[in-house]
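Everything numeric here is computed off the predicted structure, so don't read it as measured data. For ligands, and for the atoms within them, numbers begin at 1 and follow the listed sequence. What you see below is based on every heavy atom in this structure, not just the backbone, and it leaves out hydrogens, waters and symmetry mates. One is the number of the first residue; the rest follow in order along the sequence.
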Amino acid sequence: MNPHFLVTTSIPGPGLELLSEAGRVTVLPDPPSYEQLRELTSSGDFDVVLTQLRDAIDADLLTDAKVKGVSNYAVGYNNIDVDAATSHGIQVGNTPGVLTDATADIAFALLLGTARRIVEADQFVRAGKFHGWEPDMLLGKDITGATLGLAGFGRIARAVAKRALGFGMEVIFAPRPPAHREVSQEELGEFAGQVTQVRWEELIERSDYLSLHVPLTEQTTHLVDSTVLKRMKDSAILINTARGPVVEEAALVSALRKGTIAGAGLDVFEDEPTLAPGLAQLPNTILLPHIGSATVAVRAEMSRLSALNAIAMAHGKRPPHLVNPEVFS
Ligand code: GLV
Ligand code: GLV
């Protein structure tokens with residue numbers, strides 16, 4: 001058998017070569033529209049489709065699809081209706097693990113950058129406004145001794161906790177907000193005695209920096225809304241490297257304008273790549289174009305993993321990183 005792979009957007013790293021060694025590869029020259037993607041996946045020409053977060057793989061598309069698998073070039077897979085895929089016997093794969101540290105680095109860069117007003121300061125110098133050292137120029141917030149609240153306690157949250165402890169921060173977390181779930185000492189592992197579990201309400205109220213590390217689900221959509229923003233400290237900074245819709249972006253813009261909270265560092269947006277009106281005009285924000293996993297090495301690993309997933313799927317085998325193992329039962 002010579003499988004045919006559909007790659008919706010060209011990827012860096014070894015993935016395309018691995019796919020070519022395993023079969024035929026069609027790489028689309030431009031990201032497909034929903035209709036194009038639906039047509040291609042239902043054509044019967046392709047065994048597996050390698051997708052990006054911007055490709056909406058919804059229940060309608062999956063109902064018509066004649067592919068064995070969808071291999072997502074990302075750890076997150078909120079762009080895919082996994083239940084629908086499972087019900088049609090279609091495997092879904094992702095790329096976990098390899099982007100944990102890179103994404104934690106971006107969360108921490110946003111934390112440091114917003115606290116110390118790095119982007120604002122850079123723009124200040126470039127605008128020719130630096131006329132010498134001044135006692136009250138661009139004063140920011142301390143990191144050491146401040147409290148970092150982590151919404152979620154998965155791989156990325158833990159990697160952020162490690163960094164924060166190194167900076168002398170107090171780390172508190174709520175593992176599955178807004179619900180409560182007790183984390184055992186065993187599950188805490190290396191963090192036992194170093195980080196403290198609190199309820200979501202307490203996390204919101206105590207955090208000087210609140211960093212989001214939850215998957216996007218029905219429960220986490222608009223987890224941070226106007227009510228939550230109002231309960232946060234007016235000196236607090238919100239960091240989001242998870243998924244845009246976890247934050248009600250219009251409410252955030254209004255909170256930042258009114259000084260309800262002090263700042264925000266965002267790598268993701270509610271309606272990516274569109275920004276909520278007014279967000280780009282706020283000086284107390286750092287806005288990044290979803291680059292959490294964007295290092296040369298990490299993107300190459302994601303490339304390799306997504307290709308290995310796709311190749312296994314094409315042969316009806318269980319891929320290394322299968323999101324819906326129920327598909328085999
Ligand atoms: C990026 O957001 C990913 O889910 O890999
Ligand atoms: C994602 O890799 C997570 O578990 O945080």
Side-chain angles (χ1 to χ4, degrees), residues 7-16 31 37 48-58 69-82 85 91-111 150-160 176 211-224 238-247 249 264-275 286-310 313 319-324:
V7 178
T8 66
T9 308
S10 187
I11 52 173
L16 294 180
L37 194 55
V48 175
V49 56
L50 196 146
T51 52
Q52 301 294 326
L53 291 169
R54 61 196 292 173
D55 300 322
I57 311 295
D58 65 8
V70 178
S71 174
N72 215 36
Y73 183 77
V75 64
Y77 43 83
N78 53 286
N79 58 312
I80 302 169
D81 188 330
V82 176
Q91 303 191 50
V92 177
N94 70 338
T95 64
V98 298
L99 47 72
T100 305
D101 284 314
T103 306
D105 286 342
I106 282 292
F108 221 77
L110 286 171
L111 191 157
L150 299 169
F153 202 56
R155 284 172 295 235
I156 296 172
R158 285 166 181 256
V160 173
R176 193 177 291 159
S211 191
L212 308 178
H213 303 285
V214 291
L216 178 63
T217 63
E218 251 169 65
Q219 288 72 41
T220 63
T221 300
H222 287 187
L223 176 70
V224 176
L238 177 71
I239 308 293
N240 190 6
T241 54
R243 283 293 182 267
V246 175
V247 176
E249 207 168 283
L266 310 174
D267 187 40
V268 288
F269 303 93
E270 186 164 1
D271 185 23
E272 237 164 85
T274 306
L275 305 186
I286 295 182
L287 311 176
L288 302 180
H290 203 150
I291 55 168
S293 66
T295 73
V296 174
V298 167
R299 289 285 164 86
E301 266 306 283
M302 290 166 64
S303 176
R304 197 176 64 81
L305 288 186
S306 59
L308 294 181
N309 281 341
M313 289 169 177
H321 298 286
L322 179 62
V323 167
N324 56 343

- prompt: Do Ile156 and Leu99 have side chains that get closer than 4.5 Å, going by heavy atoms?
  reply: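 Touching, per the 4.5 Å side-chain cut-off.
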- prompt: Pick from Val92, Leu37, Thr8: which one makes a side chain to side chain contact (heavy atoms under 4.5 Å, CB included) with Ile57?
  reply: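 That would be Leu37; it is the only one of Val92, Leu37, Thr8 passing the side chain to side chain contact (heavy atoms under 4.5 Å, CB included) with Ile57.
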Pairs involving residues 288-302, ordered by first then second residue, that meet salt bridge (Lys or Arg N to Asp or Glu O under 4.0 Å) (sequence neighbours left out):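 For residues 288-302: Glu301-Arg304.
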- prompt: After noting the C-alpha distance and the side-chain angles of Leu238 and Leu212, does the key distance pass the side-chain contact (heavy atoms from CB on, under 4.5 Å) rule?
  reply: CA-CA 8 Å; Leu238 177 71; Leu212 308 178; 4.2 Å; yes
message: Give the residues near ligand 1 by chain and number, with the criterion being a heavy-atom distance under 4.0 Å.
response: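 The 4.0 Å shell around ligand 1 contains Leu53, Ala74, Val75, Gly76, Leu99, Arg243, His290.
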- prompt: Side chains of Asn79 and Asn72: is there a donor and an acceptor less than 3.5 Å apart?
  reply: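 Yes, side-chain donor-acceptor contact under 3.5 Å.
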query: With no hydrogens and no angle check, do the side chains of Arg243 and Asn78 hold a donor and an acceptor under 3.5 Å apart?
result: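 On atom types as modelled, these side chains qualify, holding a pair under 3.5 Å.
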